[in-house]
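A note on names: the letters A, B, ... follow the listed sequences, proteins ahead of strands, and every chain is numbered from 1.
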Amino acid sequence: MSDNDNQDQLHAMRHSLAHIMATAIQQLWPASKFGVGPVIDNGFYYDVDLGDTKLSEEDFDKIEVAMSDIIKANLPFERFELPIDEAIQWAKDGGQPYKEELLNDLKRAGTTVAKDLNAEELGTIADGAAQVENVSFYRNGDFTDLCRGPHVESTGKVGAYKLMRVGGVYWRGQDSNPQMQRITGAAFASPKELRVYLDMLAEARKRDHRKLGAELDLFVFSDMVGSGLPLFTPRGTTIRDELSNFTNDMRARYGFQKVWTPHITKKDLYEKSGHWAKFGDELFLVKSQETSDEMVMKPMNCPHHTRIYESQPRSYRDLPVRYMETTTIYRDEKTGELGGLSRVRAVTQDDSHVFCRQDQIETEINNLLACAHELYETVGMKLRVRLSYRDDSDAYLGAVELWEAAQAQLKAAVIANGLDYFEEAGEAAFYGPKIDFMATDAIGREHQVATVQLDFVQPERFELAYTAEDGSKQTPVMIHCALLGSIERFMSVYIEHTAGKFPIWTAPEQVRLISVNQESVTTAFAEEMAQQARDLGLRVVVDNSNESVGKKIRDAELWKVPYTVVVGDKEIASREVIPRIRKDMAVRDDVPAIGIDEFLKTVANEARSRVLMTSL
RNA sequence: GCCGCGAUAGCUCAGUGGUAGAGCACUUCCAUGGUAAGGAAGGGGUCUUGGGUUCAAAUCCCAAUCGUGGCUCCA
């Protein structure tokens, strides 16, 4: 069997499981009204309306037992067709209003996909002109469902599955619609593959940045400060600073200059940029007691940066002008959308804006891609990019020729940098095409982390200009870029990617010194060595506490410290240490003794060169 | 914002109508130790907040806040 055949087979299994689960639910709750039950990554779900019955995970056993009976019965999936009007009657007779709505959409528009349907038409009753003659059904035992298929032959051939969770969803994703319950299951061709998937989820839970953030003392939340507003401890702040210093230094090498802009601004700025109209309800409002100005917390930096650009007349010779600012912006996100560091209301961006001529776009994009490449190589994440193009809709501003040229330039730059890429139409911003970066973490999950965006719209709205060679006024192009994206979000990804085992350069504590006893000569020696390490710019902690050596070693392990050094009489006599190296970064089992000076210099070098593995 | 679930010591959690517990952490003392937990004693909670029901509420009801699983959204 080819990979494609296997994929098709797995798809059919998952889809069949959705039907089997629906069958079980109908047996258990005969009044169930069914929505849709599609295949998703790793499994399937079915949306059901059970009236006042609220499902919980405790009901899963019951459902799984009913499902396994259906699977054991091994009844065939039988396909048949009905004319559309008979199908609608079937839904009416069966008390299935959601199916009836889908069938009406199918009759009128030939599709049930909400986003392809005109909003006013969605769910309205068709008035004749049938787009579809017949629709297909699948029947297994007593359960019949509107379905395009395909399915496996019979209910016995569905592989391994497990019900995972239940949650509230809106019918067709619109909050004006009734709420249903979505039961989601994982499903794979074999129990072994299911096991691998469940193990990955268990590993993901172990690495959850919210859990590690508390265990490793990286950040905290306070009820008095508010939701979505993380407070970073000294350890967490170290990581933030190392990351942002890295992207700042990197961009400085490419000619970016730091700017600084205030965190509040008059609302006028965002009225001009168009953000007030589009995102006004997500801006924090600030009231002045001195003036009548209506102020907002800044939700982004580009409008500010345009003000700096336009503060002087610019010649074509001055371009490109490159600004960078790592700064916090504020967005009043809906409460249900907040979570850990992944989505917060105070977002720190390593933001940059290039103002350049058309003919400079490619070089500038090139530079930013080189930065992204270097950053993600350094953190050890595989990167691929999505080229996000416009489609044929009228959702975009600017001339089509301009777009086509820009899209071609983006693609050329991506290829020139040897980046793994794919193209997708309809994913562009309204003002220009984008390059979106997806990074794969250590357990195979992909995260969107950064974007580079071309912008033709804001330069025009803000009437930005430069004087061209021929003396004419021209409008520059703006390139937005954030490499880490949101530092908070990046940290959530980074913590989970590393499982809290930070490499030397970001480790909040790089070296821990453990004294064997409390003799003053021992503790003084440890302090002296610590000072020597600090003088080399290292982050070092001395553990002179009154605990057994075994206990102190264990603590250092739990804090995931890269290097732990035990000091006692032997070290004082020889001025040599045998560093204990965190397992993930060790390259050999037995580490020989090394002079203290050489050890500390080596570690300092490793921190500077941002290596992932030790050279000891 | 919507639906579901939750909030008890610094952390992880037990207690389901009669006035609060464990492990770890913390403090002190003993032990002075050699690469993942030495021993003993002790301190610590108006049970998130505000209302209500009840003779009596951590426990039942309502609301707020925060968290969490989903949906929707993400310049």
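Put simply, the side chain of A:E337 and the base of B:U72 share a donor and an acceptor less than 3.5 Å apart. Checked by distance alone, A:Y170 brings a side-chain donor or acceptor within 3.5 Å of a matching partner on the base of B:G1. One donor-acceptor pair, N or O on each side, does fall under 3.5 Å between the base of B:C74 and the side chain of A:R343.
Computed from coordinates, the A:N42 CG to B:G70 P distance equals 13 Å when rounded to whole Å. Rounded to an integer number of Å, the gap from A:D217 CG to B:C26 P is 13 Å. Atom pair A:F221:CZ and B:U68:C1' shows a separation of 13 Å (rounding to whole Å applied). For the pair A:Q448 CD and B:A75 C1', the interatomic distance rounds to 13 Å; values are reported in whole Å. B:C11 atom C1' lies 12 Å from atom NZ of A:K211, rounded to whole Å. Counting to the nearest Å, the P atom of B:C74 and the CG atom of A:L283 are 15 Å from each other. The CG-C1' distance, from A:D41 to B:G70, rounds to 16 Å in whole Å.
Contact annotation: A:S227 side-chain N/O to B:G67 OP1/OP2 distance is under 4.0 Å. When the side-chain nitrogen and oxygen atoms of A:R172 are compared with OP1 and OP2 of B:U72, none of them lie within a distance under 4.0 Å. The side chain of A:R165 contributes no N or O atom lying less than 4.0 Å from OP1 or OP2 of B:G69. Residue A:R210 places at least one side-chain N or O under 4.0 Å from the OP1 or OP2 atom of B:G69.
Counting only residues at least two apart or on different chains, the salt bridge (Lys or Arg N to Asp or Glu O under 4.0 Å) pairs with a member in residues 210-228 of chain A are A:D208-A:R210, A:K211-A:E215. The ring-ring contact (aromatic ring centres under 6.0 Å, His included) contacts involving residues 552-588 of chain A comprise A:Y563-A:F599, where partners must be two or more places apart or lie in separate chains. Residue pairs meeting the salt bridge (Lys or Arg N to Asp or Glu O under 4.0 Å) criterion with at least one partner in residues 326-344 of chain A, sequence neighbours excluded, are A:D332-A:R345, A:E333-A:R343, A:E337-A:R343.
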Enumerate all atom pairs, one protein N or O and one N or O from nucleotides 3-7 of chain B, separated by less than 3.5 Å.
from : atom 1 : to     : atom 2 : distance (Å)
B:C3 : O4'    : A:Q179 : OE1    : 2.2

Is there any protein nitrogen or oxygen under 3.5 Å from a nitrogen or oxygen in nucleotides 38-40 of chain B, and what are the pairs?
from  : atom 1 : to     : atom 2 : distance (Å)
B:G38 : OP1    : A:S548 : OG     : 3.0
B:G38 : OP2    : A:S548 : OG     : 2.4

Protein-nucleic acid N or O pairs under 3.5 Å, nucleotides 42-50 of chain B:
none

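Pair assignment for B:G50 gives B:C62, based on Watson-Crick or G-U wobble hydrogen-bonding distances that are each under 3.5 Å. Using Watson-Crick or G-U wobble geometry with both donor-acceptor distances under 3.5 Å, B:C55 finds its partner in B:G18. Across all strands shown, the partner of B:G23 is B:C11, judged by Watson-Crick or G-U wobble contacts whose two distances both fall under 3.5 Å. Within the shown strands, B:G70 is the pairing partner of B:C2 under the Watson-Crick or G-U definition, both distances less than 3.5 Å. Pairing of B:A75, defined by two Watson-Crick or G-U wobble distances under 3.5 Å, is not identified with any nucleotide. Summarising the base pairing, B:A40 is matched to B:U28 through a Watson-Crick or G-U wobble pair whose two defining distances lie under 3.5 Å.
Evaluation of the salt bridge (charged side-chain N to carboxylate O under 4.0 Å, His left out) rule for A:D59 yields A:K62 as partners, not counting sequence neighbours. Residues meeting the salt bridge (charged side-chain N to carboxylate O under 4.0 Å, His left out) test with A:K298, sequence neighbours left out: A:E325. With sequence neighbours excluded, no residue satisfies salt bridge (charged side-chain N to carboxylate O under 4.0 Å, His left out) with A:E424. With sequence neighbours left out, A:K272 forms a salt bridge (charged side-chain N to carboxylate O under 4.0 Å, His left out) with A:E463. The side-chain hydrogen bond (donor to acceptor under 3.5 Å, both in side chains) check on A:E557 picks up A:R580, with sequence neighbours excluded.
Comparing the P positions of B:C24 and B:G17 gives a spacing of 30 Å, expressed to the nearest Å. Annotation: B:C74 and B:C11 have their P atoms spaced 36 Å apart (nearest Å). As rounded to the nearest Å, B:G67 and B:U28 have C1' atoms that lie 36 Å from one another. Of the P atoms belonging to B:G52 and B:C66, the separation is 24 Å, rounded to the nearest Å. Distance check on atom C1': B:A25 versus B:C61 gives 37 Å, rounded to whole Å. Taking the C1' atoms as reference points, B:G15 lies 35 Å from B:C71, given to the whole Å. Distance check on atom C1': B:U8 versus B:A57 gives 14 Å, rounded to whole Å. B:U46 and B:A41 are spaced 28 Å apart, taking the C1' atom of each and rounding to whole Å.
The aromatic rings of A:H263 and A:Y330 are tilted relative to each other, their planes meeting at an angle between 30° and 60°.
Base orientation at B:U54 is anti, since its O4'-C1' glycosidic dihedral falls outside 90° of 0.
With distances taken from any side-chain atom of A:P299 to the nucleotides B:U32, B:A75, B:A36, the minimum falls on B:A75.
Taking the six-membered ring where the residue is Trp, the centroids of A:Y309 and A:F355 are separated by under 6.0 Å.
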Practice prompt. For A:V259 and A:H304, run side chain to side chain contact (heavy atoms under 4.5 Å, CB included): C-alpha distance rounded to whole Å, both residues' side-chain angles, the deciding distance at 0.1 Å, then the answer.
Written response: CA-CA 10 Å; A:V259 294; A:H304 285 92; over 6 Å; no
Item to complete: Please test A:L216 against A:I495 for side chain to side chain contact (heavy atoms under 4.5 Å, CB included), starting from the C-alpha separation and ending with a verdict.
Response: CA-CA 10 Å; A:L216 300 177; A:I495 290 167; 5.8 Å; no
Worksheet item: Where do A:V587 and A:I581 land on the side chain to side chain contact (heavy atoms under 4.5 Å, CB included) test, with the steps shown first?
Response: CA-CA 9 Å; A:V587 292; A:I581 299 171; over 6 Å; no
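Comparing A:K334 and A:R554, the nucleotide of RNA chain B nearest to each residue sits closer to the 5' end for A:K334. In terms of position along RNA chain B, the nucleotide closest to A:L558 lies nearer the 5' end than the nucleotide closest to the other residue of the pair A:L558 and A:G226.
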Determine all donor-acceptor pairs shorter than 3.5 Å in which one atom belongs to a side chain in residues 33-42 of chain A; sequence neighbours excluded.
none

